[in-house]
Amino acid sequence: MSKYSQDVVQILYDNQPEFVSGQTIAEQLNISRTSVKKIIDQLKVEGCEINSVNHKGHQLKQLADIWYQGIVEKIVDAQGFFKETFVFPTIDSTQLAAKQKLVGNQDSLLILSNEQTKGRGRFNRPWDSAKGKGLWMSAVFRPNVPFSMITTFNLFMALAIRETIQEFSKDEVAVKWPNDIYIGDKKVCGFLTEMSANSDGIEAVICGIGINMNQEASEFPNEIAHRATSIFNHSDEKINRYEFLKLLLENIKNRYMQFLTVPFESIREEYIEHSNIWNRKLKFTENDKQFPGKAVDIDKDGFLHVEDEQGEKHRLMSADIDL
C-alpha cells in the first residue's frame with residue numbers, strides 16, 4: 001500500500017458522494033496527478049469501488065474490506081467514547097496488543113485488525129480470523145466499579161453485540177450465556193473478557209470480540225464448518241463493515257453506560273428473552289467438571305442456575321456449554 005493510500009481514501013470518503021478531481025487530490029497531498037492515478041488504480045485492486053470519469057474525477061462508491069485508520073478514527077471520534085484507536089493490517093492477537101497498550105496508559109482504547117494469526121477465544125481455543133472477512137477487535141474499558149459488578153459485564157456486552165448483529169440478519173440472533181452469539185444453531189460471534197487489577201481495584205477490562213461477517217459457508221475450516229456461520233449467510237447482501245462498526249460501537253457505548261448505572265436485574269428479562277439455552281438438554285463444563293443438565297434461571301448477579309440429571313442445583317459464574 002502506498003504511503004498516500006490512506007490519505008487518498010480519506011479525501012474520497014470525506015467528499016462522498018461528490019467527485020474529486022485528480023488535480024485537487026494532487027494539490028492537497030503535494031504529489032503528481034500521475035501518482036494519484038496509480039494510487040486510485042491500486043485502491044481499485046484492493047477492492048475499493050471507485051467511479052473514475054474524465055473531466056469529473058473520482059467518486060468513492062464503496063470501501064474495500066479493509067480497515068483504513070483515518071476512516072475508523074473518524075467513526076470512533078464521532079461516537080465519542082474511546083480515546084485512542086489502533087488499526088493493524090495483520091496482528092497475532094488484538095487482545096495481546098490491547099494488554100501491551102495498557103502499560104503507561106489510562107485511556108479507553110480500541111484495537112482493530114484486518115486479520116489475526118493467533119486469535120484466541122475462551123479456554124485458549126483458537127479463533128479463525130480470516131483476512132477481510134470479519135470484525136476482529138479488542139476494546140479497553142476503565143470502569144470505576146467494585147469487583148462484584150464484573151460478573152455482569154459480559155451480559156451487557158452480549159446484548160450490545162446481539163442487537164447489532166440482529167440489525168443485519170434476517171434470522172433470529174440469540175445469546176448463549178456467557179460469551180457467545182448464535183444465529184440458529186451456529187456460532188457467529190465469540191467474545192472474551194479479561195481484567196487487569198491490583199490491590200486498589202480494577203485498572204481495566206479488556207473485551208476481545210470476534211464476529212464472522214462475510215464468510216461464505218464453504219470458507220470455514222472443516223473442523224468448525226458444522227458449527228460456525230457468518231452474518232452474510234443470514235442476510236440479503238454483503239455486510240458493510242463500516243456501517244456495522246458504527247452501530248456496534250454505539251450499542252456498546254449504550255450498554256456500557258447501562259452497566260455502570262443500573263443493576264443487571266433491570267435488563268435480566270431482556271437477556272433471558274434473547275438467550276438460546278432454555279428448554280433443552282445441555283452439557284456443562286466448569287473447572288474440569290462436566291455434567292449434563294438444564295438451565296433454569298439467571299439470577300440478579302448474572303449467575304446461571306442449572307439443574308443436573310440427579311436434580312442437584314448448581315450456581316455457575318462461568319462455564320462452557322455444549323448445545
Side-chain angles (χ1 to χ4, degrees), residues 95 120-127 138-139 141 143 145-163 165 172-197 201-202 204-211 224 227-228 252 255-256 258-260 262-323:
Q95 199 74 348
R120 289 290 182 268
R122 294 176 72 221
F123 308 108
N124 206 34
R125 291 171 178 154
W127 179 272
S138 290
F141 302 85
V145 299
F147 287 104
S148 59
M149 281 183 61
I150 296 300
T151 57
T152 65
F153 177 86
N154 280 353
L155 310 183
F156 284 89
M157 288 299 105
L159 289 180
I161 299 167
R162 189 213 73 83
E163 60 197 350
I165 295 174
E172 185 67 24
V173 182
V175 175
K176 191 190 86 170
W177 181 95
N179 291 80
D180 294 331
I181 311 296
Y182 273 63
I183 303 178
D185 61 353
K186 293 187 176 183
K187 184 173 175 178
V188 68
C189 165
F191 63 102
L192 171 68
T193 299
E194 298 177 291
M195 183 173 62
S196 174
I202 299 166
V205 174
I206 311 166
C207 186
I209 302 172
I211 302 175
I224 63 170
R227 62 177 187 272
I252 285 176
R255 291 295 184 176
Y256 180 68
Q258 272 191 323
F259 163 72
L260 293 178
V262 302
F264 170 68
E265 193 170 11
S266 67
I267 64 159
R268 176 177 163 274
E269 290 300 323
E270 181 184 6
Y271 188 91
I272 289 173
E273 176 188 352
H274 293 300
S275 297
N276 65 355
I277 57 175
W278 312 116
N279 303 312
R280 59 198 301 178
K281 185 176 180 180
L282 304 167
K283 185 165 64 176
F284 300 88
T285 304
E286 185 189 38
N287 299 327
D288 297 326
K289 178 185 177 184
Q290 192 173 89
F291 61 93
K294 61 180 181 180
V296 295
D297 198 9
I298 294 176
D299 65 27
K300 64 181 180 62
D301 298 314
F303 287 72
L304 185 66
H305 291 227
V306 173
E307 182 178 304
D308 64 25
E309 292 184 329
Q310 286 71 47
E312 183 180 349
K313 301 294 196 302
H314 304 260
R315 185 173 182 257
L316 308 180
M317 182 177 70
S318 179
D320 193 29
I321 302 176
D322 288 335
L323 300 179

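When reading the values below, keep in mind they use all heavy atoms of this one structure, side chains included, and skip hydrogens, waters and symmetry mates.
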Considering all heavy atoms of both residues, which atom of Q95 and which atom of I206 are nearest to each other, and what is their separation?
NE2-O, 3.3 Å
Between CG of L159 and NE2 of H274, what distance do you get to the nearest 0.5 Å?
7.0 Å
Compute the ring centroids of F153 and F141, then answer whether they are less than 6.0 Å apart.
yes
Are F147 and I202 side-chain neighbours, meaning at least one heavy-atom pair lies under 4.5 Å?
yes
Heavy-atom closest pair (P178 atom, A319 atom, distance to 0.1 Å) is CD-O, 3.7 Å
What pair of heavy atoms forms the shortest contact from M157 to C207, and how long is it?
CG-SG, 4.4 Å
Give a yes or no answer on whether the side chain of W177 reaches the backbone of G302 with a donor-acceptor pair at less than 3.5 Å.
yes
Looking only at heavy atoms, what is the nearest atom pair of V296 and V306, with distance?
CG2-N, 4.2 Å
Option among F259, F191, Y256 that satisfies the ring pair (Phe, Tyr, Trp, His ring centres under 6.0 Å) test with F156
F259
Is there side-chain contact between R255 and E163, with heavy atoms separated by less than 4.5 Å?
yes
Are there more than 12 heavy atoms of other residues, nucleotides or ligands under 6.0 Å from atom NZ of K176?
yes
Rounded to the nearest 0.5 Å, how far does CD1 of I272 lie from CD1 of I267?
10.5 Å
Would you indicate whether M317, at its atom CE, is surrounded by more than 12 heavy atoms from other residues, nucleotides or ligands within a distance under 6.0 Å?
no
Hey, could you give me the CH2/CD distance between W278 and E273, rounded to the nearest 0.5 Å?
12.5 Å
Measure the shortest side-chain to side-chain distance between F291 and Q310 over non-hydrogen atoms and say whether it is less than 4.5 angstrom.
no
How far does CD1 of I165 sit from CD1 of I181, to the nearest 0.5 angstrom?
6.0 Å
Within this structure, what is the CD1-CG distance for the pair I277 and L282, rounded to the nearest 0.5 Å?
7.0 Å
Do P263 and K300 have side chains that approach each other closer than 4.5 Å (heavy atoms only, starting at C-beta)?
no
Taking the side chain as C-beta and beyond, is there a heavy-atom pair between Q290 and K283 under 4.5 Å?
yes
Please report the interatomic distance NZ(K294) to CZ(R280), rounded to the nearest 0.5 Å.
14.5 Å
If we check salt bridge (charged side-chain N to carboxylate O under 4.0 Å, His left out) with D180, which of these qualifies: K187, R162, R227, K186?
K187
Test side chain to side chain contact (heavy atoms under 4.5 Å, CB included), reference R315, set D299, D297, L304, output is D299
In the structure I gave you, are the side-chain heavy atoms of L323 and D185 within less than 4.5 Å of one another anywhere?
no
Tell me, with the steps shown, if N154 and T193 meet side-chain hydrogen bond (donor to acceptor under 3.5 Å, both in side chains).
CA-CA 7 Å; N154 280 353; T193 299; 2.5 Å; yes
May I ask you to check whether over 12 heavy atoms, not counting those of E265, lie within 6.0 Å of atom CD?
no
